[in-house]
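Contents: one structure, followed by commentary.
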Amino acid sequence: MSDPLEKLLPACPVARVEFAAEGSRLLHLLPEYAAKGTVERCFARLFPAPVAECSTVDAAQRAMDRKLKTYPIGDLLAHRPTQATPGAPSIDMLRAWVFAGALHAIDEGDQDHTAWMFAIRTVRKLATDKDWSGERARLPSVLDVSLWQVRCSLDAWAVRERGTGNAQAGQIDNIRRHFDHLAGTPRRDVGDVTRKATKRSQSLAAELTAPRALSTDVPVLPVLDLNQHDHDNAPLVTVEEAADVAGVVWLRSNHQDVDDLIEDLMETDAPLSAITATRHLTQDEARALFRDLRKAIAHGAEPGVVMLAVSLFLGASFDTLNDLSATVPKTAGTPWWHVRGEDFGIAFAPAITSAPKPPTGGFGILINSWLATEARKVVEGAHDLDALEEQAKQWLKLRPGRRRRLSRIAQCLSAALVSAGADAAVTGLLTRQDIRTCPQVYYTRVKVAQLDQIYADYRTNWLSDTERDTAVCTLGRSSNSIGSRRVPAPETVATFFAALDHKLAEAEEGLAARRPYAVQQLHAAFVNKVAGIVAFATAMRPHGVACPPFSQMLLEGPCPSLRLQDKGNRQVDDARWLPVPSLLAETLRALRMHLENLRPWASLTSPGLAAHIDASLSGECAPLWYIPVGAEPPEVLKCSDFWKVHKPPRQERNLFRHYWRTQLVASDFPGWMLDYWMGHGGWQAAQYLPHGAYRAGDLQSIADAIDEHAADLGLHAPEVRRLPQ
């Protein structure tokens, strides 16, 4: 029989004895708790030798032939905080609780579960890592308290660290989750899902929901949440995919100018845009302000007034402008000052997946020459941010009309674009939004000429700027488009469906030749073709089932529609109704006919399969599944399983979301329509609140556009073949 500690402790006998002594000391620190008897019995079973005096842990480590971090228990017991370490008693108590939890997991046969290993790694960093000195200083006391109180203290500590933007908050939470298991919460069986994918998915969620990921250009920030996401069964692949399925749980602001806005928001059920609409500058106010700013600058205004004009021009706050670098950053996602000859403005390269280093893939917004000269003097000079803001505020106080705040002026550009119906991706690019709070940017590739036209309309209509020079320009010669690098070409989409048609044709030939398992192969090819068309016609996320049940479809009448329930939807509580293009309607009718033809064949070979077909036709379960081998019941086809096999090379699983967002933005579809159809919602938009007023019929123009594109690509519904009876 193999040694139970073979993978947990080094084989060195000196180390075993030393670690037994340290483990015994830790267990004696703990108060009474429910699983104490189980833990002590497990300790006695794993460390049967009596505790004896021996060399130090350092000597034991030197005797080891492998790195200590490969042995979880040894890693925990070897790293003891020194007496000079801040909070050493509390750290030692945490080590004791983690050690007890590890023994509890081993006793239950969960030694391969990763939860307690994550906790060990975190408490080791807390005890010895130099980078965790700040966390050690803020560690709450966990001495002389119960296990339940320890969990509560750690939970509150993790919340505080997350609120300050500390990236270690998620690791701190690992210890608390480990204590949940020690307190009796059962460990989750992850089945056949790889732990690597689950861990990666959870890290993406933590990266997204950290406050540092939020935009700083708006005074009210959305706090995102992914706690309800099933990382085991639907693991996230990219941070953009995480942003696409995130939910907004509340709004946060540290900006003192919007305190009354927050109060109004808390006192009413109205959406944020309904409150802020009257607080933004109106079109007339923006024109008057721009005219006054131009006159003031022409007569030698103070630097703060010059930066106020720049803020109005670029849609950026004073803080953002003050933080801009004069040099090109090394990574995408951070704007910088763009200087090229006489041209002066702001440059930005979105931090999309596989984004090249700036300035490649970026664009610049140029300031008019009369303002650029003065703005460069301010930027290149030494000016205090508080002084600039105070100068701007004092100048605004002398303006007639209602009070104008710096935050409202900085948001004038985004408010103007939204009022004009611009897509959220276009607005996000021009206002330099992060894809983690504006995932529409991730899905869209926009031509620079389109950005230039939209921004020029803002300058003309809202600022009465008569200078019609190029406002938005590319920063390099490599491309005239900005945004997603995952948009498939029409040829790629056509090739994708041609491959599905080829598999279906091969299966039909096998059926005609009466080859073994020909029906199963034909059904699988038919299901794959339907799954591809459903994903294409709905731009559904690569999570959940590949097709909703028939009970959630209305394929007859003036507006055929289906109820699509996917992760992260923000239109209604759990799903949204989408229009069904003609291509999809024909495909779903063909699927029903195929299942009806399959039932007589199934009734001869498998009554259980025939019953499952009946359930599919009646809408009790999803209609896409493969015929199983043997007597097992069929499993519903998931999007993740479909894309594992059929994802085109060098493409994303959500390639159709990239394709349609880009195509429809280029066709000038209203932004609200694209957001509703794709399920993005938007925390700034009234129409995307739960129980919104939009219906599937409002999106019929999108369904018509899908049919037009499908005809150009040569797509068609699968043909139904008669099966042997």
Side-chain angles (χ1 to χ4, degrees), residues 215-217 255 289-351 357-396 404-407 409-413 429-433 448 451-452 455-456 458-459 463 465 467 469-476 482:
S215 171
T216 58
D217 275 348
H255 200 297
L289 179 62
F290 179 77
R291 183 176 60 251
D292 293 344
L293 283 170
R294 184 161 187 173
K295 290 180 180 179
I297 294 173
H299 290 82
E302 294 179 309
V305 180
V306 175
M307 295 308 290
L308 184 64
V310 176
S311 176
L312 180 64
F313 242 100
L314 301 178
S317 64
F318 273 58
D319 290 335
T320 300
L321 296 174
N322 184 68
D323 293 338
L324 292 179
S325 172
T327 59
V328 179
K330 295 182 179 180
T331 58
T334 303
W336 70 96
W337 288 116
H338 172 64
V339 181
R340 180 184 296 171
E342 297 298 327
D343 294 341
F344 181 76
I346 191 172
F348 179 66
K357 292 183 179 180
T360 304
F363 66 96
I365 303 178
L366 304 181
I367 303 174
N368 285 352
S369 56
W370 61 268
L371 178 59
T373 303
E374 300 300 324
R376 290 184 67 171
K377 294 179 181 178
V378 178
V379 172
E380 294 172 358
H383 295 281
D384 182 66
L385 175 61
D386 294 335
L388 293 176
E389 290 183 341
E390 186 61 29
Q391 291 171 4
K393 292 177 181 178
Q394 293 300 326
W395 186 85
L396 287 173
R404 297 179 179 87
R405 293 177 174 173
L406 299 182
S407 59
I409 295 173
Q411 294 183 75
C412 185
L413 173 59
L429 285 172
L430 291 176
T431 55
R432 303 158 299 279
Q433 294 294 309
V448 174
L451 293 176
D452 178 51
Y455 184 72
Y458 161 71
R459 285 174 35 169
L463 305 182
D465 183 12
E467 297 184 17
D469 297 331
T470 299
V472 180
C473 64
T474 57
L475 302 180
I482 304 297

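These numbers were taken from a predicted model, which means no experiment stands behind them. Starting from 1, each residue takes its place in the sequence as its number.
- Looking at heavy atoms from C-beta onward, W337 lies in side-chain contact with L321 at the 4.5 angstrom threshold.
- If you take CD1 on I346 and CG on L324, they are separated by 4.5 Å, rounding to the nearest 0.5 Å.
- Taking each heavy atom of Y455 and V472 in turn, the nearest pair found is CB-CG2, 3.9 Å.
- A distance of 4.5 Å separates CH2 in W370 from CD1 in I297, rounded to the nearest 0.5 Å.
- Remark: the backbone N or O of F363 is not paired with any side-chain donor or acceptor of T474 at under 3.5 angstrom.
- At least one donor-acceptor pair under 3.5 Å links the side chain of S325 to the backbone N or O of T327.
- When all heavy atoms are compared, the tightest approach of I367 to G345 is CG1-CA, 4.0 Å.
- Side-chain contact between V328 and L475: absent, with no pair of heavy atoms (C-beta onward) separated by less than 4.5 Å.
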Requested in this report: Mind running side chain to side chain contact (heavy atoms under 4.5 Å, CB included) on L396 and L406 for me, showing each step along the way?
Outcome: CA-CA 9 Å; L396 287 173; L406 299 182; 3.8 Å; yes
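- If you take CD on Q391 and CG on D386, they are separated by 11.0 Å, rounding to the nearest 0.5 Å.
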Requested in this report: Tell me, with the steps shown, if E389 and D319 meet side chain to side chain contact (heavy atoms under 4.5 Å, CB included).
Outcome: CA-CA 9 Å; E389 290 183 341; D319 290 335; 3.8 Å; yes
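- Here the shortest heavy-atom pairing between V305 and A296 reads CG1-CB, 4.4 Å.
- To the nearest 0.5 Å, atom CZ of residue F290 and atom CZ of residue R459 are 8.0 Å apart.
- Of the residues listed (L366, T373, V310, V379), the one engaging F344 in a side-chain contact (heavy atoms from CB on, under 4.5 Å) is V379, and it is the only one.
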**Report entry** Audit row: D465, Y458, side chain to side chain contact (heavy atoms under 4.5 Å, CB included) steps and yes/no
**Finding:** CA-CA 9 Å; D465 183 12; Y458 161 71; over 6 Å; no
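- A donor-acceptor pair is defined here as one N or O able to donate and one able to accept, closer than 3.5 Å; no such pair exists between the side chain of R294 and the backbone of A309.
- Rounded to the nearest 0.5 angstrom, S369 OG and D343 CG are separated by 10.0 Å.
- One distance of note links CG of L371 with CG of L293; it measures 9.0 Å at 0.5 Å rounding.
- Contact check for L430 versus F348: no side-chain heavy atoms found under the 4.5 Å cut-off.
- In this structure the side chain of L451 never reaches within 4.5 angstrom of the side chain of I365, judged on heavy atoms.
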Query raised in the report: Stepwise, does the side chain to side chain contact (heavy atoms under 4.5 Å, CB included) test hold for L314 with L413?
Result: CA-CA 7 Å; L314 301 178; L413 173 59; 5.9 Å; no
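- The two residues A349 and W336 make their nearest non-hydrogen contact at N-CZ3, 3.9 Å.
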